[in-house]
Amino acid sequence: MPKVIAITSEKGGVGKSTLAVHLTGALIERGLDAALIDEDGRVGSSLRWARRREEGLGFPVLDADEVKPKKLAALDAVLIDTEGRPRRKDLRALAERADLILIPSGPTMLELEATRELLDFFEDEGAARRVRVVLTRVPPTGQAGEQAREDLRDDGWTVCNTALRSYTVYQKAAELGALCRDVRDPRAEQAWDDVLRLSREVL
Ligand SMILES: Nc1ncnc2c1ncn2[C@@H]1O[C@H](COP(=O)(O)OP(=O)(O)OP(=O)(O)O)[C@@H](O)[C@H]1O
Ligand SMILES: [Mg+2]
C-alpha cells in the first residue's frame, strides 16, 4: 500500500499546494511512483496548477471525487493537498487516513502560533507522532528558520531538518503550471535542492 502523506495547515496561504506539488514531483524524479490528490479545488489549488499546461506536471493530480482507490494501491506514495483551515471533522478523518501529516509553516510568530494550535489538535487526537512541521517561505538569509525549528523542537514537536527557503521561483512555477526545477530563474536550482532534500526525509 502507498504511504499516505497529507499536507494541511491551520492558516491559509502558507504554502501547502506549493509543497504538495513539489514534493510529489521530487518523488517522481527519484523514480518513485506517486500521485497527488487535491481536496481543495479552489483558485490556486494543485489541480489548477496541473491544468495550466497541456502536458501537466508529469504525475497524476486527481480531484478528490475521481479517486479510484484500487488504482492507487500500487503506488509508493499518495499525497493529499487540503484547503486552508479544514473543519475539525475533516482533520480527524485526515489523521486517520494518513501515515504522515506535514504542516507547512512560515517562521513568523503568527504562523507559528497557528501551527502550534494545529499541533495541539493532532496531539489531542493521538496523532502527534505522525505529524511533522515543514518550515517554508524561510528567508534565505538570517536565523528565522533555525530559531523556529529550535523553538518547536524544544517543545517536543517534530520538525523536518530541511526547510523550503523563500524564493519567487515558486510563484513563477505556479503561474506556469510547472515545477520550480523547470523554471528559468537564478534560484531554481537552490529551490529544487531544498525540495529534493526534504523529499528524502519523508520517503
Ligand atoms: N517557499 C516559498 N517561497 C516563496 N513563495 C512561496 C513559497 N511557498 C509558497 N509560496 C507562495 O505563497 C503563496 C501561497 O502558497 P500556496 O498556494 O502553496 O499556499 P496554500 O497553503 O496552498 O494556500 P491555500 O490555503 O489558499 O490553499 C503563493 O503565492 C506561493 O507562490
Ligand atoms: Mg492550496
Side-chain angles (χ1 to χ4, degrees), residues 5-26 35-53 57 59 61-64 79-88 90-91 94 98 101-108 110-119 121 131-142 144-146 148-149 159-199 201-202:
I5 303 172
I7 296 167
T8 192
S9 68
E10 179 71 12
K11 234 172 118 350
V14 296
K16 290 181 295 296
S17 300
T18 303
L19 175 63
V21 162
H22 281 87
L23 212 44
T24 314
L36 174 56
I37 300 174
D38 189 346
E39 299 201 338
D40 189 351
R42 295 164 311 162
V43 176
S45 68
S46 358
L47 204 52
R48 297 203 188 188
W49 190 323
R51 285 179 183 160
R52 226 153 266 149
R53 280 193 313 178
L57 282 163
F59 51 81
V61 181
L62 308 166
D63 193 318
L79 287 85
I80 304 173
D81 181 19
T82 65
E83 62 183 327
R85 203 176 167 77
R87 284 172 299 183
R88 291 309 194 225
D90 295 337
L91 279 177
L94 199 67
I101 300 164
L102 298 179
I103 307 179
S105 177
T108 64
L110 285 183
E111 282 172 280
L112 291 169
E113 224 172 85
T115 297
R116 283 169 184 278
E117 260 178 49
L118 191 54
L119 287 165
F121 170 81
V131 178
R132 289 191 219 168
V133 177
V134 176
L135 291 166
T136 185
R137 292 169 29 253
V138 171
T141 57
E146 274 160 51
R149 186 185 300 113
V159 186
C160 289
N161 291 320
T162 310
L164 299 190
R165 288 171 284 181
S166 182
Y167 293 128
T168 51
V169 65
Y170 287 109
Q171 194 151 343
K172 287 191 203 168
E175 283 162 13
L176 292 167
L179 298 172
C180 65
R181 174 192 69 192
D182 303 318
V183 176
R184 212 191 268 261
D185 183 282
R187 295 284 173 258
E189 213 173 302
Q190 269 112 318
W192 187 244
D193 187 56
D194 287 349
V195 174
L196 275 177
R197 271 189 296 136
L198 180 66
S199 81
E201 288 190 50
V202 302

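Counting convention: from 1, in listed order, for ligands and their atoms alike.
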Check whether any side-chain N or O of [X] sits under 3.5 Å from a backbone N or O of [Y] as a donor-acceptor pair, and report yes or no.
| X | Y | answer |
| --- | --- | --- |
| R52 | A178 | no |
| T24 | A35 | no |
| D40 | S45 | no |

Any nitrogen or oxygen of [X] lying under 3.5 Å from a nitrogen or oxygen in ligand 1? Just yes or no.
| X | answer |
| --- | --- |
| G12 | no |
| T168 | no |
| Y167 | yes |
| R165 | yes |
| L19 | no |

Q) Has T82 got an N/O/S atom less than 2.8 Å from the Mg ion (ligand 2)? A)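 Given the 2.8 Å cut-off, T82 does not count as a ligand of the Mg ion (ligand 2).
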Side chain, backbone, both or neither: which part of [X] comes within less than 4.0 Å of ligand 1 when only heavy atoms are counted?
| X | result |
| --- | --- |
| D81 | neither |
| T18 | both |
| S166 | both |

Q) When you look at CZ of R87, are more than 12 heavy atoms from neighbouring residues, nucleotides or ligands closer to it than 6.0 Å? A)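 Counting neighbours around CZ of R87, 12 or fewer heavy atoms of other residues, nucleotides or ligands fall under 6.0 Å, so no.
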Q: For atom CD of E201, decide whether the heavy atoms of other residues, nucleotides or ligands shown that lie under 6.0 angstrom number more than 12.
A: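 Check passes, neighbour count above 12.
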Is there side-chain contact between [X] and [Y], with heavy atoms separated by less than 4.5 Å?
| X | Y | value |
| --- | --- | --- |
| Y167 | D194 | yes |
| R137 | E111 | yes |
| C160 | L198 | yes |

Q) Going by atom types alone, do T168 and Q171 pair a side-chain donor with an acceptor below 3.5 Å? A)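 Checked: T168/Q171 side chains show no N/O donor-acceptor pair below 3.5 Å.
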Q: Have a look at K11, E83, H22, R137 and point out the one with the heavy atom closest to atom 10 (N) of ligand 1.
A: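 Nearest heavy atom to atom 10 (N) of ligand 1 lies in R137.
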(Q) Considering A163, G84, A173, G13 one by one, which has a heavy atom nearer to atom 24 (P) of ligand 1 than any of the others? (A)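 Comparing heavy atoms across A163, G84, A173, G13, the nearest one to atom 24 (P) of ligand 1 lies in G13.
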Numbering as shown, the atoms of ligand 1 that approach [X] to under 4.0 Å (heavy-atom distance):
| X | answer |
| --- | --- |
| Q171 | 29 (O), 31 (O) |
| D40 | 27 (O) |
| S17 | 18 (O), 20 (P), 22 (O) |

